[in-house]
Amino acid sequence: MDSSLLVKEKKERVYHLPDLESAEEGKVVMRIAPGPSGPLHIGHTRVSILNDEYVKRYGGKLIARYEDTNPEKIDPEAYDMIPEDLEWLGVKVDESYIQSSRFEIYYDYTRKLIEMGKAYVCTCNGDHWRELKEKKMACPCHDLPVEVQMERFEKLLNGEYKEGEAVAVVKTDLCHPNPAVRDFVALRVVEHPHPLTGDKYRAYPMMNLSVAIDDHLMGMTHVVRGKDHLNNTVRQQYIFDYFGWKKPVYYHYGLVNIPDTVLKTSLIKKSIEAGEYSGWDDVRTGTVRALKRRGIRPEAIRRYWIESGMKSVDIQFSWDGLYSMNRDIIDGISNRYFFVDSPVRYDIEGIDVIDGKAPLHPDHPERGDRIYKIDGSKTIFISEEDSKQFSDAGKIRLKDLCNIEYGMPAKYIGNDVSILKHGAKAVQWVSRDSVKASILMPDGTVREGLAEKALLDEKCDSVQFERIGFVKIEKKNPDIIETVFTHR
RNA sequence: GCUCCUGUAGUGUAGCGGCCAAUCAUGAAGCCCUCUCGAGGCUUCGACACGGGUUCAAAUCCCGUCGGGAGCACCA
């Protein structure tokens, strides 16, 4: 019998996404459209991964479009941070555009809409205009002649209206049963300077205008985005219809509820400025940077979203689920080391020299061992918690080294592993030549302790501290080893 | 209030008229293995929201009820 049949290969998990409707091989064009208000967070990764995954599957191109049409909500650094985040995620962007450099385009199309009688410039009070819409009624500006609208529009562009005094509106259907799709604002006046264009423009397009125009101009074949845009899609389709443009195929996945995580960039930014968070990669936040820092692999994030699929049901994000997928990836590559939390010192008597060794990875003996030789005063440290256990139980096994009996000093009592079968616990320990080390936990607290010296020679930045969990090495020198906790 | 989306185990997912006394993963519990509370192996727990129809046959189609979510912004 073939013995290989007995060794069951670890089953490769299969992840798949549903097919895209009318997707032509090599001709799929999709986009991700972040607003540059801060770096990406875990919530943003879904739309990024999904679009990227489809473009990779069918072939075509992925466009990154920075939707910076609200100057008040822009963090100039985001223009650089987002591409970095995308790159780390493994999202391959083929073309990038910045909407603030395309205002003239949006103005031109708005003029065309006005000429067609499909848009108007409204100078009514905003609240009043909304009340009328609620009652399915047109405001006085709605039906003004085209020449007047055009005149007003040029005034809007030239800055002759102050903020709130006028807006350009796209007509839809005032009697539409869904109040959310009746006439929507296309351009508004903003006096706040734009980080990129300064005070060059005063008329700022609203997303529904710029998105519709860009989706057409950039040749989008498929649009995948969150369900929260459902009504926006309906609005944008009016513009497509007015111009007779071919519409992309739209998909709207359900909302994701991400528990126990700070995601709001404005909040994070505030905390950073207040000195409460160390930066955008503070482990207490849900930014992509924080995940990276914690040792979450982009492939795990990708798998997570692919497995979640594109259903329009709202879902609950599960950190456990993500960790499990990440563990799949890092378990094999992470060598094992001992870390001792809040070390308690013990000297061992009753033997001259103690030798020991432990595999770098129990599933990969070929990687070699950590070699131990304890001599001289034979000092070791175990964690405070294990120390208590030691004094209670009287006997304990220093894993991969020897057994000892409680006392000051402790007494060497052989190296028979079978002591474990008789109730003794195996605990991790470090010798006197260990290195100071710390683990930054996800809640921001820091565990201080000692790590074994062999870790200094480790090449991979992901390791497992036995019985503690996986950590990512952030800083490593003979004086200090700083790590960040990944997960168990 | 109006409109839209949506309801399969704790979570995520498969199934889309008979092969479903419902898949897989995660989670929980237990056992085995392992000198880690990791990995691996085995076992167990746990779901078609409810009520009507249509049909020989429904998780799958239709209607209603109830539940969840979103939008009705001069944010994206």
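First the proteins, then the strands, lettered A, B, ... as listed; each starts at 1. Since this is a predicted model, take the numbers as computed values, not measurements.
Residue A:Val185 is classed as a sugar-phosphate contact, given heavy-atom separations below 4.0 Å to backbone atoms only. Heavy atoms of A:Gly309 sit nowhere under 4.0 angstrom from any nucleic acid atom. Within the 4.0 angstrom heavy-atom criterion, only backbone atoms of the sugar-phosphate kind lie near A:Phe470; the bases stay farther away. Heavy atoms of A:Cys124 sit under 4.0 angstrom from at least one base atom. At a threshold of 4.0 angstrom between heavy atoms, the contacts of A:Asn70 are confined to the sugar-phosphate backbone, with no base atom among them. Within 4.0 Å of A:Asn257, counting heavy atoms only, lies no atom of the nucleic acid at all.
Looking only at atom types and distance, the side chain of A:Asp214 has a donor-acceptor partner in the side chain of A:Tyr106 under 3.5 Å away. Residues A:Ser318 and A:Asp320 have side chains that never bring a donor and an acceptor to within less than 3.5 angstrom of each other. Residues A:Asn415 and A:Asn403 have side chains that never bring a donor and an acceptor to within less than 3.5 angstrom of each other.
Closest to the side chain of A:Thr69, out of B:rU26, B:rU36, B:rA76, is B:rA76. Listed nucleotides B:rC35, B:rA73, B:rG27 differ in distance to A:Asp320; the shortest reach to its side chain belongs to B:rG27.
The separation of B:rU36 from B:rU44, taken at their C1' atoms, amounts to 25 Å, rounded to a whole angstrom. Separation of the P atoms belonging to B:rU26 and B:rG41 is 9 Å when rounded to the nearest angstrom. If you take atom P in B:rG30 and the same atom in B:rA21, they sit 32 Å apart, rounded to whole Å. Rounded to a whole angstrom, the distance from the P atom of B:rG17 to that of B:rA59 is 13 Å. Using atom C1' as the reference point in both B:rC48 and B:rU8, the two lie 4 Å apart (nearest Å). Taking atom C1' on both nucleotides, B:rG71 is separated from B:rG46 by 36 Å, rounded to a whole Å. To the nearest whole angstrom, the two P atoms, one in B:rA28 and one in B:rC72, are 40 Å apart. Distance noted for atom P between B:rC2 and B:rA58: 35 Å (whole Å).
By the 4.0 Å N-to-carboxylate-O rule, A:Lys357 lies too far from A:Asp400 to be salt-bridged with it. Classification of A:Asp19 and A:Arg57 as a salt-bridged pair holds, one side-chain N sitting under 4.0 Å from a carboxylate O. Salt bridge annotation for A:Lys247-A:Asp241: present, with a cationic side-chain nitrogen under 4.0 angstrom from a carboxylate oxygen. Between A:Glu191 and A:Arg202 a salt bridge is recorded (basic side-chain N to carboxylate O distance below 4.0 Å). Between A:Arg65 and A:Glu67 there is a salt bridge, since a side-chain N of the basic residue sits under 4.0 Å from a carboxylate O of the acidic one. Using a cut-off of 4.0 Å between Lys/Arg side-chain N and Asp/Glu carboxylate O, A:Asp331 and A:Arg336 are scored as salt-bridged.
The nearest whole Å value for the distance from the CD atom in A:Glu163 to the C1' atom in B:rA73 is 14 Å. Rounding to whole angstrom units, OH of residue A:Tyr251 and P of B:rC4 are separated by 22 Å. Protein atom CZ of A:Arg202 is 19 Å distant from nucleotide atom P of B:rC74, rounded to whole Å. In this structure, the NE2 atom of A:His487 is 11 Å from the P atom of B:rG27, given to the nearest Å. The CG-P distance, from A:Asn208 to B:rA73, rounds to 12 Å in whole Å. The CZ atom of A:Arg152 sits 17 Å away from the P atom of B:rC74 (whole-angstrom rounding). For the pair A:Gln316 CD and B:rU8 P, the interatomic distance rounds to 13 Å; values are reported in whole Å. Atom CD of A:Glu307 and atom C1' of B:rU26 are 8 Å apart (whole Å).
For A:Cys122 and A:His176, each mapped to the nucleotide of RNA chain B holding its nearest heavy atom, the one lying further toward the 5' end belongs to A:His176. The nearest heavy atom of RNA chain B to A:Asn125 and to A:Arg488 marks one nucleotide each, and the one closer to the 5' end goes with A:Arg488.
Searching all strands for a Watson-Crick or G-U wobble partner of B:rU34 with both distances below 3.5 Å returns nothing. The base-pairing partner of B:rG7, taking Watson-Crick or G-U wobble contacts with both distances under 3.5 Å, is B:rC66. Look at B:rA76: it lacks any Watson-Crick or wobble partner with both distances under 3.5 angstrom. Under the Watson-Crick and G-U wobble criteria, each requiring two contacts below 3.5 Å, nucleotide B:rC19 is left unpaired. Taking a pair to require two hydrogen-bonding distances under 3.5 Å in either a Watson-Crick or a G-U wobble arrangement, B:rC48 remains unpaired. The partner of B:rC2, taking Watson-Crick or G-U wobble pairs whose two distances both stay under 3.5 Å, is B:rG71.
The phosphate of B:rA39 has OP1 or OP2 within less than 4.0 Å of a side-chain N or O from A:Arg327. The shortest distance between the side-chain N/O atoms of A:Ser37 and the OP1/OP2 oxygens of B:rA76 is not below 4.0 Å. Within the structure, a side-chain polar atom (N or O) of A:Lys311 is placed less than 4.0 Å from OP1 or OP2 of B:rA14.
Under a cutoff of 6.0 Å and an axis angle of 45°, A:Arg102 and A:Tyr97 form a cation-pi pair. For the pair A:Arg294 and A:Phe470, the NZ or CZ position fails the cation-pi test of under 6.0 Å to the six-membered ring centre and within 45 degrees of the ring normal. Taking the ring centre of A:Tyr323 as origin, the terminal cationic atom of A:Arg488 falls outside the region bounded by 6.0 Å and 45° from the ring axis.
With A:Leu450 as the fixed residue, the side chain to side chain contact (heavy atoms under 4.5 Å, CB included) test singles out one of A:Trp429, A:Phe381, A:Phe338: A:Phe381.
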All N/O pairs under 3.5 Å across the protein-nucleotides 30-34 of chain B interface:
none

What are the atom names and distances for every N/O pair under 3.5 Å that joins the protein to nucleotides 68-72 of chain B?
residue: B:rG69; atom: O4'; partner: A:Asp314; partner atom: OD2; Å: 3.0
residue: B:rG69; atom: O2'; partner: A:Asp314; partner atom: OD2; Å: 2.9
residue: B:rG71; atom: O2'; partner: A:Asn231; partner atom: ND2; Å: 2.9
residue: B:rC72; atom: O2'; partner: A:Pro179; partner atom: O; Å: 3.2

